[in-house]
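Read the structure below first, then the notes.
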Amino acid sequence: MINITLPDGSVRSYDKGTTSHEIALSISEGLARNVIAAKVNGEVIDSNRPITQDADLQLLTFRDKDGKSTFWHSSAHLMAEALEALYPGVKLGIGPSIENGFYYDIDLGDRTLSSTDFPKIEQKMLELAREKNEYIRKEVSKADAIAYFKEKGDEYKLELLEDLEDGSITFYEQGGFVDLCRGPHIPNTGSIKAVKMMKVAGAYWRGDENKKQLTRVYGVSFPKAKELKEHLALLEEAKKRDHRKLGKELELFMFSEKVGAGLPIWLPKGTALRTRLENFLKEEQIKRGYQPVITPHLGKKELYMTSGHWDKYGEDSFQPIHTPREGELFLLKPMNCPHHCEIFGHKPRSYKDLPVRIAEFGTVYRYEQTGELHGLTRVRGFTQDDAHLFCMPEQLKEEFLGVLELTTYVLEKLGFSDYTAQISLRDPENKEKYIGSDEIWEQAESAIIEATKEVGLETVTELGEAAFYGPKLDFMVKDALGRSWQLGTIQVDYNLPERFELEYIGADNAPHRPVMIHRAPFGSMERFIGVLTEHCGGKFPLWLQPEQYVILPISEKFNGYARELKNQLAAKDIRGFVDERNEKIGRKIRDAEVKKVPLMLIVGEKEAAEGKVSIRKQGEGDVGSMTIDEFETYFKQLL
RNA sequence: CCCGUAUUGGUCCAAGGGUUAGGAUGCCGGGAUUGUAACCCGGAGAUUGUGGGUUCGAAUCCCAUAUAUGGAUCCA
């Protein structure tokens, strides 16, 4: 008998050699139907493989991340089977699962493939899927494997085989299709109920541009037709919410060829939004003891040699600016920290003054390759909501807690309630890579871990992902469409205080080195607003909206009344404008709806006589009429 | 950095190598005077990203370049 520990902690006994599928069956039939693979002691394997010893078992369904990727990997095999059936003689490269589906690299020979061929392939896949062919795992010797693909004439698989060791080679077969594959796979093709080919692209064999270009065919598949439909609807919605599209439509920002690629230009409405966001964070930071500073956009090359950024990023950055005087070189600042270190170091610091929290919305410039640029999320000039906290090592945890509190507060305030954090620690196998003693690393790492535990933050821990200068924590935020974005970051840094020889005088009257924390809750204003735009589909929280309401007079006769109302609202600190155009009310409503103005105040004869306004909410419709004071109350309650 | 695709009035889209580059929206002017998602009529607005080339003739074909966009840099 073996003991199987399930994720809920319960332990069950089974005969040695029981499969995950049988275990699932012993729990419930429905579960067994949905299980597509199993995680045994952390390794994902086929659900029909026998378990021979005590183990932790997690049954995987399509809902699990690992289950999904197994499902999609199996779908890639199914697609390959279909392609082979439709186009005899195609040669296969590799076919893994990816974040949103799967692909297979194929060599079509002289043929080409386009999206018009997709329906045919999809149909063939579904036809093959309905045969419910089992994915059969076979261990084969290297010699047999080579013989098989030689016979088949597939040089790509032969090349892959060269790097594999005899004894560890497995084939998977479903229907008549055999592929070299490590697995695991779903039990049979029958659970693939919906497939969609997404696109084709060229891709070099093994990512090497000197090698042959293969056709990469992308697809996605689901266990239920409904799920495919939802997936496609989501993609459609994502397109509608694309911040590049909304940014243009709502006149938030623009790019100009003359100004340069990757350099966003903030238009009045975008600036109003961004300024409000900055002020919000500024105020929260001042409440928490941060001191705002302003530093120049340039710094001498020596500054970045001291900080080490020149050695690390010099080549990848904008090249230095030469002054008329010989030998003077200035760099556009790629980071704010060196300047902030100078601020810390400009006067003697006592331990009683610590922590020192220096904050700046600092604009930095980094040279990104043109191919990397993307809307507001990947740019060459951006403003970090940066701050650097200088503290004593023993204050680290408390400071970390403070930053966590601030970050989660601002995220929640902006409607991001679904987030996790990734803790990046050093690689315990490879400690030489990192600067600083074991002692301070352990202190910092435990400070981060304890702090996240204390605030109850959901975390994943990655070993070896830390920067060489200290451990860090990144916030992964999920938007309204379920997509993950990396936004804020908190990093511990032992390196810069060292390089800048920063000191404070301790209670022992001796100099000590402070620890530095870099942190940016939004990451960058550009990226954050890009993500926020997509998160709320352009319908920003009311308090951020550049224009919170528009007054729509029924006819020109009521423009005067409308203007009067606007003045009253302005006095109450409610922003908006009057649509005085000589248009029908239906037209004005439509335009306001399209521009996503949150509140429409409709005024005509009735309202003017009663001293009221009729309220209409964007996207929802008529709310009813009320006096201006009632509206103020209504408005405040929406904030 | 590599591979593909695109670039046409402010914006979105159309135009088999052959008249004066067409439409929608927006803008301007006039009419209508308005009740919860598009009023009617008229007008202006473009040397088709930029620079070369092929051609009797180029938005259209070729080359270069810029920018945008998608992919590659996810190793069974």
Side-chain angles (χ1 to χ4, degrees), chain A residues 69 73 76-77 80 92-105 114 140 145 149 154 156-165 168-172 178-185 198-218 242 244-245 248-249 251 254-263 316 367-375 552-559 581-597 600-608 614-625:
Chain A
S69 57
H73 184 192
H77 279 232
L92 301 169
I94 57 164
S97 68
I98 49 174
E99 201 184 328
N100 275 311
F102 54 88
Y103 68 79
Y104 219 113
D105 283 347
S114 78
V140 291
F149 284 110
D154 197 326
Y156 304 106
K157 296 290 179 189
L158 284 169
E159 195 181 321
L160 292 172
L161 275 167
E162 278 172 29
D163 300 338
L164 296 177
E165 262 177 56
S168 69
I169 296 173
T170 50
F171 278 5
Y172 273 82
V178 179
D179 200 1
L180 171 69
C181 183
R182 177 171 44 198
H185 281 285
M198 300 306 285
K199 61 190 163 202
V200 287
Y204 297 106
W205 170 235
R206 301 196 137 186
D208 183 341
E209 62 191 79
N210 298 314
K211 293 190 170 145
K212 184 159 180 188
Q213 189 161 25
L214 305 180
T215 304
R216 178 163 297 180
V217 192
Y218 290 86
D242 192 322
R244 293 167 300 182
K245 183 170 173 283
K248 200 185 244 180
E249 283 171 10
E251 298 187 335
M254 60 172 274
F255 290 91
S256 150
E257 283 194 16
K258 282 209 184 96
V259 172
L263 299 169
D316 302 321
Y367 183 80
E368 301 286 353
Q369 313 241 19
T370 48
E372 305 283 344
L373 299 175
H374 180 92
L552 310 179
I554 297 282
S555 87
E556 282 179 323
K557 277 185 268 176
F558 309 105
N559 283 355
R581 290 175 309 162
N582 189 6
E583 292 289 352
K584 287 181 137 173
I585 192 65
R587 175 53 179 272
K588 293 185 184 179
I589 288 169
R590 178 180 156 78
D591 288 348
E593 287 282 347
V594 170
K595 277 199 283 183
K596 302 187 201 302
V597 183
M600 285 158 248
L601 280 56
I602 297 167
V603 295
E605 196 174 350
K606 209 165 51 185
E607 289 79 7
S614 288
I615 310 297
R616 183 189 162 97
K617 233 175 141 185
Q618 199 269 347
E620 290 176 33
D622 200 358
V623 177
S625 69

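Throughout, a chain's letter reflects where its sequence line sits, starting with A, and its residues are numbered from 1.
If you check every strand for non-hydrogen atoms under 4.0 Å, Gly262(A) touches sugar and phosphate atoms only. If you check every strand for non-hydrogen atoms under 4.0 Å, Ser614(A) touches a base. Phe255(A) comes within 4.0 angstrom of nothing in the nucleic acid, heavy atoms only. At a threshold of 4.0 angstrom between heavy atoms, the contacts of Glu583(A) include nucleobase atoms, whether or not backbone atoms are also involved. Nucleic acid contact for Glu607(A): base, since at least one base atom lies under 4.0 Å from a heavy atom of the residue. Using a 4.0 Å heavy-atom cutoff across all strands shown, Gly604(A) reaches at least one base atom of the nucleic acid.
The listed nucleotides are rU34(B), rC75(B), rU36(B); the one nearest the side chain of Ile94(A) is rC75(B). Closest approach to the Ile169(A) side chain among rU73(B), rA76(B), rU36(B) is made by rA76(B) (side chain taken as heavy atoms from C-beta onward). Considering only side-chain atoms of Glu605(A), the nucleotide from rA37(B), rU34(B), rG35(B) that sits closest is rG35(B).
The closest side-chain heavy-atom distance from Ile589(A) to Ile602(A) is below 4.5 Å. The side-chain heavy atoms of Met600(A) and Gln618(A), taken from C-beta on, include a pair separated by under 4.5 Å. Side chains of Leu601(A) and Ile615(A) form a contact here, defined as non-hydrogen atoms less than 4.5 Å apart. Glu605(A) has its side chain out of reach of Ile554(A): every pair of non-hydrogen atoms, C-beta onward, lies at least 4.5 Å apart. Looking only at side-chain heavy atoms (C-beta outward), Leu552(A) and Arg616(A) stay at 4.5 Å or farther from each other. With contacts defined as side-chain heavy-atom distances shorter than 4.5 Å, the pair Arg244(A)/His374(A) qualifies. In this structure, Tyr104(A) and Asp179(A) have side chains that are in contact, with non-hydrogen atoms separated by less than 4.5 Å.
Distance, Ile554(A) CD1 to rA37(B) C1': 14 Å, rounded to whole Å. Summarising the geometry, the separation between CG on Leu263(A) and P on rA66(B) is reported as 16 Å, rounded to the nearest angstrom. When the C1' atom of rC75(B) is taken as reference, atom CZ of Arg182(A) falls 9 Å away, rounded to whole Å. Atom CZ in Arg616(A) sits roughly 6 Å away from atom C1' in rA37(B) (whole-Å rounding). Rounded to whole angstrom, the span from the CZ atom of Arg216(A) across to the C1' atom of rC2(B) amounts to 14 Å. Atom pair His374(A):NE2 and rU69(B):C1' shows a separation of 9 Å (rounding to whole Å applied). Atom NZ in Lys606(A) sits about 12 Å away from atom P in rG35(B), given to the nearest Å. In this structure, the CG atom of Asn559(A) is 12 Å from the C1' atom of rU33(B), given to the nearest Å.
Between His77(A) and the phosphate of rA76(B), there is no side-chain N or O to OP1/OP2 separation shorter than 4.0 Å. Phosphate proximity of rA72(B) to Tyr218(A): present, with a side-chain N or O under 4.0 Å from OP1 or OP2. In this structure, Arg244(A) does not reach the rA68(B) phosphate: none of its side-chain N or O atoms is under 4.0 Å from OP1 or OP2. Residue Lys248(A) places at least one side-chain N or O closer than 4.0 Å to OP1 or OP2 of rC12(B).
Applying the salt bridge (charged side-chain N to carboxylate O under 4.0 Å, His left out) criterion to Lys245(A), with sequence neighbours excluded, gives Glu249(A). Contacts of Tyr103(A) classified as ring pair (Phe, Tyr, Trp, His ring centres under 6.0 Å), with partners at least two apart in sequence or in another chain: Tyr218(A). Listed by chain and number, the residues in a ring pair (Phe, Tyr, Trp, His ring centres under 6.0 Å) with Phe558(A) amount to none (sequence neighbours excluded).
Between Arg590(A) and Ile98(A), the one whose closest nucleotide on RNA chain B sits nearer the 5' end is Arg590(A).
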Atom pairs, protein N/O to nucleotides 5-10 of chain B N/O, distance under 3.5 Å:
none

Pairwise N/O distances under 3.5 Å, protein to nucleotides 25-29 of chain B:
| from | atom 1 | to | atom 2 | distance (Å) |
| --- | --- | --- | --- | --- |
| rG26(B) | OP1 | Arg587(A) | NH2 | 2.0 |

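rC41(B) and rA6(B) have their C1' atoms separated by 38 Å, given to the nearest Å. Nucleotides rG4(B) and rA72(B) have their P atoms positioned 15 Å apart, rounded to a whole Å. Nucleotides rG22(B) and rA46(B), compared at atom P, are 13 Å apart to the nearest Å. Spacing of P atoms, rA38(B) relative to rA15(B), comes out at 30 Å, to the nearest Å. rC40(B) sits 13 Å from rU33(B) when the C1' atoms are compared, rounded to a whole Å. Taking atom C1' in both rU60(B) and rU55(B), the straight-line distance is 13 Å, to the nearest Å. When the C1' atom is used for both rG26(B) and rG43(B), the distance is 14 Å, rounded to whole Å. Here the separation of rC13(B) from rU48(B), taken at their C1' atoms, is 14 Å to the nearest Å.
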Dot-bracket summary - RNA chain B, pairs being Watson-Crick or G-U whose distances fall under 3.5 Å, with | when paired to another strand: .((((((..((((....[...)))).(((((.......))))).....(((((..]....))))))))))).....
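Between His185(A) and His73(A), the ring planes lie tilted relative to each other; the angle falls in the 30° to 60° range.
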